[in-house]
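Data block below; observations after.
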Amino acid sequence: MFHEVLQFQENVSMKGKVFSFELDRIGLVRSNRTIKADIAEWDDCLECEEFDHCYKFCIAKLLLQDAIEHE
């Protein structure tokens, strides 16, 4: 559902199945942050019998990545 948040390129859209983000930088300053969701892909995920497992797994990965990033 999500792109790996610890591995990204600035000024490039990082896309997962549902959610994408872009962190723009001009020189030394981060100029913009964009987050998008693909509702059609979200609806596809909701129809999957593995949705609960997949969603919990994705959220657990995000929490771990957040902890590592802010260590």
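Numbering starts at 1 and runs along the sequence shown. Heavy-atom basis, side chains included; hydrogens, waters and symmetry copies ignored.
- Considering only residues two or more places apart in sequence or on other chains, I68 meets the side-chain contact (heavy atoms from CB on, under 4.5 Å) condition with L6, L64.
- A side-chain donor-acceptor contact under 3.5 Å links N11 to the backbone of R25.
- Here the OG-CE distance, from S20 to M14, works out to 10.0 Å after rounding to the nearest 0.5 Å.
- For the atom pair N32 CG and I26 CD1, the distance stands at 9.0 Å (nearest 0.5 Å).
- For F51, the ring-ring contact (aromatic ring centres under 6.0 Å, His included) partners are W42, Y55, not counting sequence neighbours.
- Environment of CD1 in I35: sparse, with no more than 12 heavy atoms of neighbouring residues, nucleotides or ligands closer than 6.0 Å.
- Linking Ile, Leu, Val, Met, Phe, Trp and Tyr residues whenever their side-chain heavy atoms come within less than 4.5 Å leaves F57 and I59 in two separate clusters.
- Qualifying side-chain contact (heavy atoms from CB on, under 4.5 Å) partners for E41, counting only residues two or more places apart in sequence or in other chains: K17, V18, D38, D44.
- No continuous path of ILVMFWY side-chain contacts below 4.5 Å connects I39 to F21, so the two sit in separate hydrophobic clusters.
- Here E50 contributes atom CD and C45 contributes atom SG; the two are 11.5 Å apart, rounded to the nearest 0.5 Å.
- If you take NZ on K15 and CZ on F2, they are separated by 12.0 Å, rounding to the nearest 0.5 Å.
- Distance check: L63 CG to C58 SG gives 11.5 Å after rounding to the nearest 0.5 Å.
- Side chains of R33 and E22 form no contact here, defined as non-hydrogen atoms less than 4.5 Å apart.
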